[in-house]
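Report on the structure given below.
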2 protein chains.
Amino acid sequence: MIDTTSGSLVLEGFRALGDPTRLRIVRLLEGGSRCVCEIQRDLPDVAPNLLSHHLRVLREAGLVSAHKRGRWMDYALRAEGWAELCQALPVLCKENRSR
Amino acid sequence: MIDTTSGSLVLEGFRALGDPTRLRIVRLLEGGSRCVCEIQRDLPDVAPNLLSHHLRVLREAGLVSAHKRGRWMDYALRAEGWAELCQALPVLCKENRSR
DNA sequence: CCGATGAATCAATCATAGTTGATTCAATCA
DNA sequence: TGATTGAATCAACTATGATTGATTCATCGG
């Protein structure tokens with residue numbers, strides 16, 4: 001049986017990606033793990049609290065993970081979350097590798 | 001050359017997928033082309049005009065294409081649109097095909 | 001301990017997007 | 001032609017989510 005939990009997670013995932021700021025964050029994290037203040041430096045036009053909010057949305061959608069390192073919080077892409085998106089919508093990943 | 005138009009199209013694409021009804025429509029269309037009334041039959045809980053609206057959103061995001069056939073409108077997934085999503089966010093498709 | 005910094009939370013506002021009902025348009029059939 | 005069906009559009013309402021400002025929390029350095 002299919003669990004509704006992951007179903008709504010997929011939905012959350014796509015919804016999370018449907019925001020320009022969050023898309024920018026994801027693109028930054030494609031370069032590797034970053035702490036919030038580093039992300040902040042790359043997105044100067046986004047208020048710190050707002051950045052925190054967007055990171056939370058991405059986190060709750062399972063697309064990023066957060067780890068505390070002393071005074072800092074490191075954010076990184078969470079592979080499982082992205083794999084789930086692909087698996088949930090075959091058309092998204094099938095045959096899209098070439099051309 | 002990369003155009004800004006497609007950048008916002010990618011955004012529109014993800015936003016389009018962030019709705020449960022539209023996700024259902026996409027999953028139906030993964031089974032092949034369908035006319036609106038067929039989609040309607042599979043989604044009885046969605047009002048006809050609302051369905052029309054969601055199809056429009058998917059169309060404007062470039063994820064589906066529409067072709068008129070007599071009195072009917074056939075909708076189908078538009079491969080180029082999906083490819084663009086993948087290419088815009090490498091993490092989405094890289095390494096997620098296998099396993 | 002006290003101040004500063006990194007980060008998250010809260011309540012309030014504002015904008016966007018989903019939903020609804022009614023109307024309109026186009027193509028077919030009697 | 002007139003009626004019917006498939007489909008889209010429109011205006012209005014509603015709900016959701018992004019943004020803002022202020023506050024709070026935790027951690028480190030002096």
Side-chain angles (χ1 to χ4, degrees), chain A residues 7-29 32-78, chain B residues 7-29 32-78:
Chain A
S8 73
L9 245 193
V10 166
L11 203 63
E12 271 190 75
F14 286 125
R15 183 148 38 199
L17 295 176
D19 176 273
T21 301
R22 291 196 288 263
L23 214 48
R24 286 206 284 162
I25 294 173
V26 168
R27 285 189 168 127
L28 277 177
L29 293 183
S33 180
R34 299 265 191 285
C35 80
V36 176
C37 54
E38 285 175 315
I39 301 173
Q40 179 71 78
R41 272 189 280 280
D42 282 317
L43 279 64
D45 57 316
V46 180
N49 54 350
L50 183 54
L51 178 57
S52 201
H53 163 72
H54 285 305
L55 286 170
R56 176 204 252 268
V57 173
L58 287 170
R59 207 180 339 120
E60 290 181 347
L63 296 180
V64 305
S65 59
H67 290 286
K68 196 162 196 168
R69 179 175 49 88
R71 181 148 47 159
W72 299 276
M73 266 301 231
D74 289 329
Y75 278 83
L77 296 184
R78 184 174 162 278
Chain B
S8 75
L9 246 192
V10 167
L11 203 64
E12 270 190 76
F14 286 124
R15 184 148 37 200
L17 295 176
D19 177 274
T21 302
R22 292 195 289 262
L23 214 48
R24 287 206 282 163
I25 295 173
V26 168
R27 285 190 167 126
L28 278 176
L29 293 182
S33 180
R34 299 264 191 286
C35 80
V36 177
C37 53
E38 286 175 313
I39 301 174
Q40 180 72 77
R41 273 189 281 279
D42 282 316
L43 279 63
D45 57 316
V46 180
N49 53 349
L50 184 53
L51 179 57
S52 201
H53 163 71
H54 285 305
L55 286 170
R56 176 203 252 269
V57 172
L58 287 169
R59 208 182 336 119
E60 290 181 346
L63 296 180
V64 305
S65 59
H67 292 285
K68 196 160 197 168
R69 179 175 49 88
R71 178 148 50 158
W72 299 276
M73 265 303 230
D74 289 329
Y75 277 83
L77 297 185
R78 185 174 160 275

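Predicted model, so just to flag it, every value in this text is computed and none were measured. Both backbone and side-chain heavy atoms feed into the values below; hydrogens, waters and symmetry mates do not. Order of the sequence lines sets the chain letters (A, B, ...), proteins ahead of strands, with each chain counted from 1.
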### Task
Please map the stems of DNA chain D, keeping only stretches of three or more Watson-Crick or G-U wobble pairs with both distances under 3.5 angstrom.
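Runs of three or more consecutive pairs: C:4-17 with D:14-27, C:19-30 with D:1-12.
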Could you grab the distance from atom [atom1] of [X] to atom [atom2] of [Y], nearest 0.5 Å is fine?
X	Y	atom1	atom2	answer
B/Ile39	B/Thr21	CD1	OG1	12.0 Å
B/Ser8	B/Arg15	OG	CZ	9.0 Å
B/Cys35	B/Arg41	SG	CZ	6.5 Å
A/Ile25	A/Gln40	CD1	CD	9.5 Å
A/Leu77	A/Leu29	CG	CG	5.0 Å
B/Leu17	A/Leu11	CG	CG	9.5 Å

Answer yes or no: is there a side-chain heavy-atom contact under 4.5 Å between [X] and [Y]?
X	Y	value
B/His53	B/Val57	yes
B/Leu63	B/Val26	no
A/Val46	A/Arg24	yes

### Message
Just to be sure I understand the geometry, which residues of residues 44-63 of chain A put a non-hydrogen atom under 4.0 Å away from DNA chain D?
### Response
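Within residues 44-63 of chain A, the residues near DNA chain D are A/Asn49, A/Leu50, A/His53, A/His54.
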### Query
Using a cut-off of less than 4.0 Å, is there contact between a side-chain N or O of A/Tyr75 and OP1 or OP2 of C/dG6?
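Answer is no, no contact under 4.0 Å.
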Which whole-number value in Å describes the distance from [X] [atom1] to [N] [atom2]?
X	N	atom1	atom2	value
A/Leu11	C/dG18	CG	P	11 Å
A/Arg15	D/dT16	CZ	P	10 Å
A/Asp19	C/dA15	CG	P	16 Å
A/Gln40	C/dT5	CD	P	14 Å
B/Ile39	D/dG6	CD1	C1'	12 Å
B/Asp42	D/dG6	CG	P	15 Å

### Query
Okay, side chain of B/Arg22, backbone of B/His54: is any donor-acceptor separation there less than 3.5 Å?
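Here the side-chain-to-backbone pair does not exist.
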### Query
With the sugar-phosphate defined as primed atoms, P, OP1 and OP2, and the base as all remaining atoms, what B/S/- string results for nucleotides 23-30 of chain C, 5' to 3', for protein heavy atoms under 4.0 Å?
---SBS--
### Task
Please determine which of B/Arg69, B/His67, B/Arg34 meets the side chain to side chain donor-acceptor pair (under 3.5 Å) test together with B/Asp74.
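Exactly one candidate clears the test, B/Arg69.
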